Amino acid sequence: MNAPTNAPKLHDCRDAFAATLERLAVENETIVAVCNDSVGSSKLGGFKSKFPERLVNVGIAEQNMVGVGAGLANGGRLPYVCGASPFLTGRSLEQIKADISYSNANVKLVGISSGMAYGELGPTHHSIEDFAWTRVLPNLPVIAPCDRIETAAAVEWAAGYDGPCFLRLSRVGVPDLLPENHKFEVGKANLLREGSDITLIANGTLTHRMVKAAEILAERGIKARVLNMATVRPIDEAAIIAAANETGAIVTAEEHSIFGGLGSAVAEVVVDNAPVPMKRLGVPGIYAPTGSAEFLLDEFGMAPTAIADAAVALLKRK
Amino acid sequence: MEISDLERIARQIRLRDLRAVYEAGAGHIGGEMSVIDLLAALYFRVLRVFPDHPKNPNRDRFVLSKGHTACALYVVLAKRGFLPEEEISTFLKPHSRLNGHPNCNKVPGVETNTGPLGHGLPVAVGMAKAAKLSGAQYHTYVITGDGEMQEGSNWEAIMAAAQFGLDNLTLIVDHNRFQQGASLADTNDIAPLRPKLEAFGWEVSEINGNAMSEIVPALEKRTTRPHCIVARTNKGHGISFMQDRVDWHHKVPSKEQYEIALAELSEAL
């Protein structure tokens, strides 16, 4: 007899992005969506049928796409520039620097299918450098929501924020973690679980794995605090310093290289303010083998049990 | 402003630019001399701009994509009333807002930051597309260098402009035939530009870009497609020993050279 399943329902955050953008566009006629032949993968089909004139498809041309976004903002439009994250960020990084960040253009960059979402397609399509590339740029909040609720809240926040930002979304299903009425605050971590022995910090698709790891640790008698750190820049320094001082050890996990991403950002705050032992989980500076996103995250030591094991090992260094 | 007045203004701008580069000890004087006639015609005849209200939504948009010739733009903006004229003497000085490439958040009248090549035209396409979306009547102009047209991003933007039907966009290529290190012909000779732009669906005009009588009608021309003006110019125009010499891309005149150039430009006044 099969055991009853109680696995939570998984949601593709792109659906929340698209639904929110369509809702906002009804009220705000300046909103336009800009994409690079990515109507389908950016889930802009609904937007296109409702607002055909306001869907600007530049074709397969990411550098032009980002520049066009800056020009649309100059002309009083509110562009959401959408594309697969490895190409949006990597291929047009200098445009993001000069035209968006340095010019402080009111453009919302939306990196779709980030991290290992295109697992089987290989390292050219993995976007595990985008935190590092974008978080070094001034004027550019870098945000990776953890579920559909936070995605919708962040997309709505971005529309009201007078300046550029980078929203990093996945296409891998994640369960709901935050309450339905959650209001996104840029630069603020959410405490998902209280704990005094160690702190687990993640964002994006890794947050729910961190929550599971904390549950496993609880079974082992270890009280783990869990912080959802959607904003990588500006990072919530107060929450990190408090975590270091109050729990004495920090584990980070991310769908990104361990160089330059969330773990690095947390480590910078820790080393400057409250040095404690840390473990950064992520892609360890190599190109990944073939496999699905879920397989690769497990492969790189980010299965919930492996995260819990890493936390236990770290506790010995306290 | 009439043609003869524009010619006089352009000479005054050349003189002030020469002095600014000489005093700052740096600048891109060759490309500045080639583009100044185009800038003078734009700011003193063609562009609808509001120096007292630089962000007026009805303003025409202008993007200097060849941002390394910022000094010429600063002199023009000052003469047009966007900046105090005496501020030009701070060019490249510590904490001056007039750095080597224009900054839109510091310098009134600058629409977007430029410097790295191949950025201005995509942004200008976005500006022109925004006007189409909102029904705004402004026109968008952008000046690139001819060497700059080697950047692939420009060709992405050229395709998009045609696809979007941007009859409210004018691209001016400052075709002085020299880039930083060598002549265009000896580097990656993308000339002739006309057939390439036409093949991509643009209307193309070819003019002498240092002749005001040809510049003004070309800038004022309205077409049913995006319009490219291939402006044949001379690097170092107006200064005999600089003219068409690649080494004047960013060389600074010696005192003796400065005085010769000053005399030549003053004579033309």
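Note: hydrogens, waters and symmetry copies are ignored here, and every other heavy atom, side chains too, is used. Note that this is a predicted model, so its numbers are computed, not measured. Chain letters run A, B, ... following the sequence lines, proteins first and then strands; every chain starts at 1.
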If you count the non-hydrogen atoms of other residues, nucleotides and ligands that lie under 6.0 Å from CD in Glu220(B), is the total more than 12? yes

Which bit of Glu111(B) is near chain A, if near means a heavy-atom gap under 4.5 Å: side chain, backbone, both or neither? both

Which one, Pro122(B), Gly152(B), Pro116(B), leads in non-hydrogen pairs under 4.5 Å with chain A? Pro122(B)

Assess the side chains of Asn105(B) and Tyr102(A): does a donor N or O sit below 3.5 Å from an acceptor N or O? no

Out of Asn57(A), Asp99(A), Val66(A), which one racks up the most heavy-atom pairs below 4.5 Å with chain B? Asp99(A)

Decide if atom CZ of Arg54(A) counts as having more than 12 heavy atoms of other residues, nucleotides or ligands within a radius under 6.0 Å. yes

Does NZ in Lys106(B) sit with more than 12 non-hydrogen atoms of other residues, nucleotides or ligands closer than 6.0 Å? no

Which value, rounded to the nearest 0.5 Å, describes the distance between Ser153(B) atom OG and Glu94(A) atom CD? 8.5 Å

I'd like to know if the side chain of Gln63(A) pairs up with that of His119(B) as donor and acceptor (distance under 3.5 Å, no hydrogens or angles considered). no

Above 12 or not: heavy atoms from other molecules or residues under 6.0 Å from NZ of Lys97(A)? no

With heavy-atom distances below 4.5 Å as the criterion, would you say the side chains of Ser134(B) and Arg77(A) are in contact? yes

Glu29(A) portion near chain B, given a 4.5 angstrom heavy-atom threshold: neither

If you count heavy-atom pairs within less than 4.5 Å of chain A, which of Gln163(B), Lys132(B), Lys129(B) leads? Lys129(B)

Where do Ala98(A) and Asn113(B) come nearest, in terms of heavy atoms and distance? O-CB, 3.8 Å

Would you find more than 12 non-hydrogen atoms of other residues, nucleotides or ligands less than 6.0 Å from Lys188(A) atom NZ? no

Over 12 foreign heavy atoms within 6.0 Å of NZ, Lys183(A): no

Heavy-atom count around Ile60(A) CD1 within 6.0 Å, excluding the residue itself: above 12? no

Rounded to the nearest 0.5 Å, how far apart are CD1 of Ile31(A) and CG of Leu133(B)? 13.0 Å

Measure distances from Ala157(B) to the heavy atoms of chain A and classify the residue's part below 4.5 Å as side chain, backbone, both or neither. both

Report the C-alpha distance between Asn64(A) and Trp155(B) in whole Å, list the side-chain angles of each, state the deciding distance to 0.1 Å, and finish with yes or no for side-chain contact (heavy atoms from CB on, under 4.5 Å). CA-CA 9 Å; Asn64(A) 185 47; Trp155(B) 298 94; over 6 Å; no

Do you know the tightest heavy-atom contact between Ala130(B) and Leu72(A)? N-CD2, 3.6 Å

Determine, step by step, whether Val123(B) and Asn74(A) satisfy the side-chain contact (heavy atoms from CB on, under 4.5 Å) criterion, reporting the C-alpha distance in whole Å, the side-chain angles of both residues, the deciding distance to 0.1 Å, and the verdict. CA-CA 9 Å; Val123(B) 177; Asn74(A) 175 286; 5.6 Å; no

pair Glu156(B)-Val58(A): side-chain heavy atoms closer than 4.5 Å: no

Given His101(B), Lys55(B), Arg61(B), the one with more heavy-atom pairs under 4.5 angstrom with chain A than any other is Arg61(B)

